[in-house]
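For reference, the structure discussed in these notes is given below.
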Amino acid sequence: MPENILIAIAWPYANAEIHVGNLTGSHLPGDIVARYHRLKGNQVLMVSGTDSHGTPVTLRADALGKPVEQVYKEYHAGFLELFQQMGITYDLFTTTHTENHFKVSQAIFLALRENGFLFTQKSMQWYSPDARRFLPDRYVEGTCYLCGAEGARSDQCDNCGNVLEPEKLVNPHAKTGDGALELRETEHFYLDLSKLEPAVTKFLQERAKRMRETVLGESLGKIEAEGLKPRPITRDLDWGIPVPVEGWDGKCLYVWFEAVIGYLSAAIEWAQIADQPQAWREWWVNPAARQFYFIGKDNIFFHTSLWPAQLMGVGEQFLKIFAEDEGRLTIPFDVPANQFMNLEGQKISGSRNWAVWGRDALTRYDPDALRYYLTINMPEMRDTDWDWAEFVARNNNELVATWGNLANRVLSFCYKHWDGHVPPIDPARLAQADLDLLAAIEAGFESVGRELEAVRLRAALQEALRLASEVNKYLDTSAPWLQIKTDKDAAARSTYTALKAIDSLKLLLAPFLPFTCERLHTFFSYAIPLFGKQVTEPVQDSLGEHTVLRYRSGGQEGRLPCQWKPSDLQPGTKLNQPAPLFKKLDESLIAEERARLGK
RNA sequence: GCCGAGGUAGCUCAGUGGUAGAGCAGGGGACUCAUAAGCCCUUGGUCGCGGGAUCGACUCCCGCCCUCGGCACCA
């Protein structure tokens, strides 16, 4: 029976391009797991969108002298292009600036309020009369009242590391250059996380066995040590989602509160666009649905504590308010957060251009070459490093040599000697060695599948590559290029065996290397593709127009049958002219790429 | 400062209370279907440092050093 799998991926913020660290951190692992479950025939919904609200976007817009909406839309358009080229197959990639997301977020807010998890509190905030707005603490600097260091942020001093009370900061001034600041009173809504702490603790304990050490330590360990404290969830801002309460004009829901709600609102928008308006419930009002959240380590708190607290806090109220219906929202199954990827030994930094940008890299390298390196080097347990020499070495020694060359050597040998057909053998006459190899490869559907289920993607890819190596060893032993000189039937059997093994490996590798596996799939002349197509389309609502990225499955009813099973390659099948799947990379590019960094 | 994760062969990483593992790189060999790829053999490590309980630890406990993240108004 097909399972419902929600693949939820961190929402990229609309003030920077996406780099390899972002890709390997969340978008790529999410896509790999989504493709695996689609191949298994499960019902997958993979969603994310551009986080378009909040102060950083407005500041960026001010700096560029452009309207905020234009700025977020420019980044959004770039994201859509990247995901299509990289094969990140979102069922819906939307944005937080939609009428639907506004409604859903406001309903969550009201449901939490109804259930008594919100309260209001007044506080003093720095206000810029010149800019006519309150400034976030992050944008106010001054002298630390504890250690005397200059350049302390009003909420925290980077010199002594202490958390500061903003109103005590000495000589405060705006980082953005606005004139004198004054303290003004303001009022905000707070989410009373302390009331939800027992529920969050239970939620984490129930998942402790499957969650990564890094994720659990960062959340459960933290709560046990410090507890959960109330957090403000509104801000003095005009770019965002209005607080749905009378008399609260000029205030918006704070971005971290509303951005995570996007996982739910995007599912609802997807259902509307797909013209099955109730379909989102299969992932969101279904205790059996499994939700996976792919994020970076900087985001752990928001996804393991805050978002579950919001979901559990709304109880049955959300569905009552939003749909006049009954039921509870599904809570996360796992949050396989990744660590960070550095670049040539240093932290990735957009402002210093110490980065490998996704769209730029794709102008010079094939998506599967990038996907391979980003997966085999994924920061699952600890930070990893993108090193151009290693990229070239792994591409040439592993991807091309072990797998690409294997597919090419067998296909071209077969194509040449059997006139473009799979050797017409009698499968009943296969030798023990042939059957042993096929059994070893077919066990991969279990072993690779087990790693993918547990979201251990490096291990899964390593296992698939190890199996490819088994086929190389088999070929060396059976040596069909020698057999064919003396015993063409024997050569036909070993070539058929190797072809069938490759046909199975193609599926095991497809979640990781979708473009080349799809191409290999066509060499075998299959009628049904492995994967569907990505399309963009405009959507109109009361806020205007936004463009979304969607995924269309290649199947008749929008879904392909289960293909995650061993090859059933028929002797005598017509093949298409094969060609190498990957390119060897020249070592000279290492120096070229390194020269680009930091400029 | 506090909390958390990590520090294992030249590189990237896996691992466990009982004589240290893989891939790549380095060295040697036989072969030629293949993108000079593949296959076989092989050299590398006092498992961050210092103590402790144990018959015995890389693995458990304590202390320290280094790297990274978080610390709730950056997402």
Side-chain angles (χ1 to χ4, degrees), chain A residues 10-16 51 53-57 123 125-126 134-140 153-156 160-163 166 188 193 212-226 228-233 235-236 254-256 259-260 295-302 305-306 337 339-340 342 347 376-377 379-385 387 389-390 393-394 396-398 400-402 404-414 416-417 458-459 462 465-466 468-469 471-477 479-484 491 495 498 578-584:
Chain A
W11 291 51
Y13 201 65
N15 70 343
D51 184 355
H53 298 140
T55 315
V57 186
S123 64
Q125 290 275 307
W126 291 107
F134 284 94
L135 293 176
D137 293 333
R138 193 182 171 211
Y139 292 103
V140 177
R153 273 159 41 194
S154 76
D155 57 327
Q156 182 174 4
C160 66
N162 283 295
V163 176
H188 287 293
L193 282 173
R212 294 178 181 172
E213 288 285 316
T214 48
V215 177
L216 211 57
E218 194 62 52
S219 43
L220 187 58
K222 188 123 190 160
I223 292 171
E224 284 170 348
E226 302 172 21
L228 286 171
K229 287 176 248 164
R231 273 189 78 135
I233 59 166
R235 299 253 48 204
D236 293 288
Y254 195 54
V255 279
W256 61 254
V260 287
I295 60 169
K297 64 177 166 181
D298 51 339
N299 244 325
I300 290 174
F301 171 79
F302 296 100
S305 301
L306 204 70
Q339 306 295 297
F340 284 165
N342 295 319
K347 281 177 69 170
I376 207 71
N377 203 20
E380 291 180 323
M381 308 301 285
R382 63 173 93 165
D383 291 356
T384 61
D385 192 43
D387 180 286
E390 194 197 352
R394 283 188 178 272
N396 292 354
N397 300 331
E398 298 175 17
V400 174
T402 303
N405 181 59
L406 169 66
N408 190 231
R409 71 193 290 205
V410 174
L411 280 165
S412 45
F413 182 81
C414 176
K416 183 162 55 179
H417 291 286
R458 295 172 69 124
Q462 276 167 15
L465 260 283
R466 186 188 68 75
S469 186
V471 184
N472 277 318
K473 286 174 193 173
Y474 164 85
L475 282 172
D476 195 66
T477 310
W481 51 91
L482 296 181
Q483 292 176 317
I484 200 156
T495 301
L581 296 171
F582 306 99
K583 296 188 200 101
K584 266 196 94 161

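The sequence lines fix the lettering, A, B, ..., with proteins before strands; numbering per chain opens at 1. Every heavy atom of this structure was used, including side-chain atoms; hydrogens, water molecules and symmetry mates were not.
- Nearest nucleotide to the A:Asp51 side chain, out of B:rA75, B:rA37, B:rC73: B:rA75.
- Look at A:Lys229 and you won't find any side-chain N or O under 4.0 angstrom from OP1 or OP2 of B:rC71.
- Evaluation of A:Phe413 against the base of B:rC33 yields no stacking contact (centre distance < 5.5 Å, interplanar angle < 30° required).
- Within 4.0 Å (heavy atoms only), A:Phe301 reaches at least one base atom of the nucleic acid.
- Between B:rC39, B:rG69, B:rC73, one nucleotide has an atom nearer to the side chain of A:Arg231 than all others, and that is B:rC73.
- Here A:Phe340 lies in heavy-atom contact (under 4.0 Å) with sugar-phosphate atoms only.
- Taking the side-chain contact (heavy atoms from CB on, under 4.5 Å) definition, one finds that A:Asp476 meets it with nothing, sequence neighbours left out.
- Residues that satisfy the side-chain hydrogen bond (donor to acceptor under 3.5 Å, both in side chains) test with A:Arg409, not counting sequence neighbours, are A:Asn472.
- Remark: A:Phe134 engages A:Tyr127 in a ring-ring contact (aromatic ring centres under 6.0 Å, His included) (not counting sequence neighbours).
- Distance CG (A:Leu581) to P (B:rA34): 16 Å, rounded to an integer number of Å.
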Dump the pairs, protein N or O against N or O of nucleotides 24-26 of chain B, anything under 3.5 Å, distances to one decimal.
from, atom 1, to, atom 2, distance (Å)
B:rC24, O3', A:Asn397, ND2, 3.3

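- Distance CG (A:Asp298) to C1' (B:rC68): 12 Å, rounded to an integer number of Å.
- For A:Ser469, the side-chain atoms get nearest to B:rC39 when compared with the rest of B:rA75, B:rC39, B:rG69.
- Atom pair A:Leu411:CG and B:rA37:P shows a separation of 20 Å (rounding to whole Å applied).
- Rounded to a whole Å, the CD1 atom of A:Ile484 is 14 Å from the C1' atom of B:rU32.
- The side-chain contact (heavy atoms from CB on, under 4.5 Å) check on A:Glu398 picks up A:Tyr372, A:Ile376, A:Arg394, with sequence neighbours excluded.
- Taking A:His188 as the reference, nothing meets the ring-ring contact (aromatic ring centres under 6.0 Å, His included) condition, with sequence neighbours excluded.
- Distance A:Lys473 NZ to B:rC31 C1': 17 Å, rounded to the nearest Å.
- Spacing between atom NZ of A:Lys297 and atom P of B:rA72 amounts to 18 Å, rounded to whole angstrom units.
- Of the side-chain N and O atoms in A:Arg466, none sit less than 4.0 angstrom from OP1 or OP2 of B:rG23.
- Across the protein-nucleic acid pair, A:Asp476 atom CG and B:rC33 atom P stand 13 Å apart, rounded to whole Å.
- The distance from atom CG of A:Leu465 to atom P of B:rG23 is 12 Å, rounded to the nearest whole Å.
- Side-chain nitrogen and oxygen atoms of A:Lys584 include none within less than 4.0 Å of the OP1 or OP2 phosphate oxygen of B:rA36.
- Comparing B:rA34, B:rU35, B:rC73 by their nearest atom to the side chain of A:Arg235 picks out B:rC73.
- Residue-to-nucleotide contacts include no donor-acceptor pair under 3.5 Å from the side chain of A:Asn408 to the base of B:rA34.
- A:Val255 is linked by a side-chain contact (heavy atoms from CB on, under 4.5 Å) to A:Asp51, A:His53, A:Glu258, counting only residues two or more places apart in sequence or in another chain.
- B:rC3 and B:rU42 have their P atoms separated by 48 Å, given to the nearest Å.
- Residue contacts for A:Val255: at a heavy-atom cut-off of 4.0 Å it reaches the sugar-phosphate backbone alone, with no base atom in range.
- Among the atoms of the strands shown, base atoms are found under 4.0 Å from some heavy atom of A:Pro580.
- Residues passing the salt bridge (Lys or Arg N to Asp or Glu O under 4.0 Å) test with A:Arg466 are A:Glu463, A:Glu470, sequence neighbours excluded.
- The side chain of A:Thr477 places no N or O atom within less than 4.0 Å of a non-bridging phosphate oxygen (OP1 or OP2) of B:rG38.
- Taking atom P on both nucleotides, B:rG26 is separated from B:rC31 by 22 Å, rounded to a whole Å.
- The side chain of A:Tyr254 contributes an N or O atom lying less than 4.0 Å from OP1 or OP2 of B:rA75.
- When the C1' atom is compared between B:rU43 and B:rG48, the two are found 25 Å apart, to the nearest whole Å.
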- Message: The test is side-chain contact (heavy atoms from CB on, under 4.5 Å); show your working for A:Trp256 and A:Ile233 and say whether it passes.
- Response: CA-CA 8 Å; A:Trp256 61 254; A:Ile233 59 166; 3.4 Å; yes

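- In terms of phosphate contacts, A:Trp11 brings no side-chain nitrogen or oxygen within less than 4.0 Å of OP1 or OP2 of B:rA75.
- Among the protein residues, A:Leu216 comes within range of no part of the nucleic acid, since none of its heavy atoms lies under 4.0 Å from any strand.
- Helical stems involving RNA chain B, defined as 3 or more consecutive Watson-Crick or G-U pairs under 3.5 Å, span B:1-7 with B:65-71, B:10-13 with B:21-24, B:26-29 with B:39-42, B:48-52 with B:60-64.
- Taking 90° from 0 as the syn/anti boundary, the base of B:rG69 is oriented anti.
- The aromatic rings of A:Trp481 and A:Phe413 lie perpendicular to each other, with more than 60° between the two planes, well past the 30° mark.
- For A:Lys297, the side-chain contact (heavy atoms from CB on, under 4.5 Å) test picks out A:Ile300, A:Gln339, A:Phe340, A:Asp383, with sequence neighbours left out.
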- Sugar-phosphate or base contact per nucleotide [nucleotides 5-15 of chain B; S, B, -; heavy atom under 4.0 Å]: SSSB---SSS-

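- At the heavy-atom level, A:Phe582 lies under 4.0 Å from base atoms of the strands shown.
- In this structure A:Lys583 satisfies the side-chain hydrogen bond (donor to acceptor under 3.5 Å, both in side chains) test together with A:Asp366, sequence neighbours excluded.
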